[in-house]
Amino acid sequence: MATSQTVDAKKGPSPIMKFLNSKKVVPYIFVSPFIISFLILTVYPAIRGIIMSFQSVLPGQVNFIGLQNYERVFNPTFYKALMNTSIYVVLTVSILTILPIILAVILDSKFVKLKTLFRASLFMPALASTIVAGMIFRLMFGETDTAAANQVLNWLGMSSVDWRYNAWSGMFLMVMLCVWRWLGVNILYFLAALQNVPDELYEAAEIDGASILQKFWYVTLPFLKPVTIFVVTISIINGFRMFEESFVFWEAGSPGNIGLTVVGYIYQQGIQRNDMGFGAAIGVILMLIIFVISFIQLVLTGAFKRGDE
Amino acid sequence: MKKETNSTAKWIMNIGMVLVCLIVLFPMIMLLISSLRPSSELMRTGISLAFDWSLLNIDNYNYIFTQAGSYWTWYVNSLIISAVTIVLSLFFSAMVGYALAVYNFKGRNLFFTFVVFILMVPFEILMLPLFQMMITAQLVDSYIGVILPMIVAPIAVFFFRQYALGLPVQLMDAARIDGATEYGIYFKIMLPLMGPSLGAMAILQGLGSWNNFLWPLIVLRSNDMFTLPIGLATLLTPYGNNYDVLIAGSVMTIVPIIILFIFFQRYFVAGLTTGGVKG
């Protein structure tokens, strides 16, 4: 590396070109477009958002109102939104961790043929947007007796369900939609991790007379710990950021707010009611929740112990 | 004895996988079949398992190709927005990831830590201030307004850095001796070597933009500017008489992606598993 600098010094037609081409300057030129866009489009709005949460923002009139927005945030509607979001997070995270682990282990086993085909099929729903996927679900889980889900229920001798109008079935629809779209992606994470399990360990366990379940529990699972922490974290964060899965079933408002989420509440208050300061306050609370979760993940994965490289 | 249990296990696993895949693909298959049903029927019954097969026809597609003008406007909007987002976000973030990996400069570690930190800031906190900025800059209801916030892609920076760490640095020294500038080295030698990572990130950004919903919903106001997800969502009302556009249009938004997926499966997998980014 040091020798190339002397080479640089020999070359360079003009002093300006030489300056722009020096290894001291080049990296900064490479990162500058990103830094500029990043300062304007991420850092500035983030700071603005925090400031806004202490303001009442009306067209042409902005006042600092201290903590009033935050005092207003803790109301029954927000608790409802937070409750819905939390239930959704718990359900999607558990399903989207356990199910993909099981399917990935099966897919990884030497017994299963057509691995690529299975993998591709399971991955396919991730290609559909939440809106298109939600549209399919909405038409399959319609209120009428003729919609697919109710047809099945009727054939089983049960009565039809008003899927979009009960709290439990509304939650079921949102969770199903999310699970359907993300199952294949999470399977890929676990499949990738399974490639790191050395075959000798399985052979050793087999010689010791371990059953399939014992091998899974004592050999496979410990190797999946890091990727599991990762999957759980991103699932929690994506769960708290959920909006579309609710919007596609109820647009702006659901009966009794059964589908209201934290981000949905930001949208409703900040955009639809134009109460930006209040919306920003909800956003700051959401950000704090996400920071805490990310922090816990970093601690669990030991990111703070590693040297900086 | 052992062999027997193995072959039973083998059957159970394979049949189980087939069943799981069928369940997962079932909604897609139902979408395809239902797109051939008369739209008035579909609106009345929803997606049904039992319906009159003799009524299947391609009227919905005929309609969408001949008369549904605004659908194709949305389509073109989505194409333009996705293409520009891919080009800009890749251009910006590939340079940064590369510089972080191959150059040793003051502030590098700090900058990288910053990128990782920003990964954690949810877009939802930025959207209200960004919307305000768009109003001030008069970019509401414009392509630029949708695209701008999407070009900052810290996840792509992270990915490119990781990839560029494996680039052959000796090539750079050789090129320098041959008199190449640092920029020439990047564009002519290193960037082509980063091809696979560019492919993966193009898919990630492109799919994210193609399916993006919340931000376009906020910024786009007029029917002529809508992207596909926003446009299709407006048709999703119980009173709508546009189910022909809705259902055939949905098929037409997924089919190009599935075709791309079949050809570039590797890149899709690498792109979509980069950081579990919400798409």
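By convention in this document, chain letters (A, B, ...) are assigned in the order of the sequence lines, proteins followed by strands, and residues within each chain are numbered from 1. Given the structure is predicted, the values throughout are model-derived calculations rather than measurements. Hydrogens, waters and symmetry mates play no part in the numbers below; they use all other heavy atoms, side chains included.
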Honestly, the part of B:Val251 sitting under 4.5 Å from a heavy atom of chain A is neither
Proximal component of A:Trp250, with respect to chain B [non-hydrogen, under 4.5 Å]: neither
Are B:Phe160 and B:Tyr98 an aromatic pair, judged by ring center distance below 6.0 Å? no
Of all of A:Ser129, A:Ala133, A:Ala280, A:Gly283, which one pairs up most often with chain B through heavy atoms under 4.5 Å apart? A:Ser129
What part of B:Leu246 is in contact with chain A, defined as an atom under 4.5 angstrom from a non-hydrogen atom: side chain, backbone, both or neither? both
Would you say the side chains of A:Trp182 and A:Asn238 form a donor-acceptor pair under 3.5 Å? no
B:Asn211 side-chain N/O to B:Pro229 backbone N/O, donor-acceptor pair under 3.5 Å: no
Heavy-atom cut-off 4.5 Å, strictly under: side chain, backbone, both or neither for A:Phe240 against chain B? neither
Select one option (side chain, backbone, both, neither) describing which atoms of A:Ile136 are under 4.5 Å from chain B's heavy atoms. both
Portion of B:Leu128 that has a non-hydrogen atom of chain A nearer than 4.5 angstrom: both
At a 4.5 Å cut-off on heavy atoms, which part of B:Met133 comes close to chain A: side chain, backbone, both, or neither? side chain
Contacting region of B:Met127 [heavy-atom separation from chain A under 4.5 Å]: side chain
Which atoms of B:Thr253 approach chain A - backbone, side chain, both or neither, heavy atom under 4.5 Å: side chain
If I measure from the heavy atoms of chain A, does B:Phe213 come under 4.5 Å with its side chain, its backbone, both, or neither? both
Between A:Leu117, A:Ile40, A:Ile290, A:Thr42, the one whose heavy-atom pairs under 4.5 Å with chain B are most numerous: A:Thr42
Between A:Trp180 and A:Phe137, is the ring centre distance below 6.0 Å? yes
Determine whether the aromatic ring centres of residues B:Phe261 and A:Phe123 are separated by less than 6.0 angstrom. yes
If one checks every heavy atom of B:Ala94 against chain A at 4.5 Å, the contacting part turns out to be neither
Classify the ring geometry between A:Phe38 and A:Phe34 as parallel (under 30°), tilted (30 to 60°) or perpendicular (over 60°). parallel
Measure from the ring center of B:Phe111 to the ring center of B:Phe105 and say whether it is less than 6.0 Å. no
Pairs of heavy atoms under 4.5 Å with chain B: top-ranked of A:Ala192, A:Ala147, A:Gly142: A:Ala147
Are a donor atom and an acceptor atom from the side chains of B:Glu182 and B:Tyr103 found within less than 3.5 Å of each other? yes
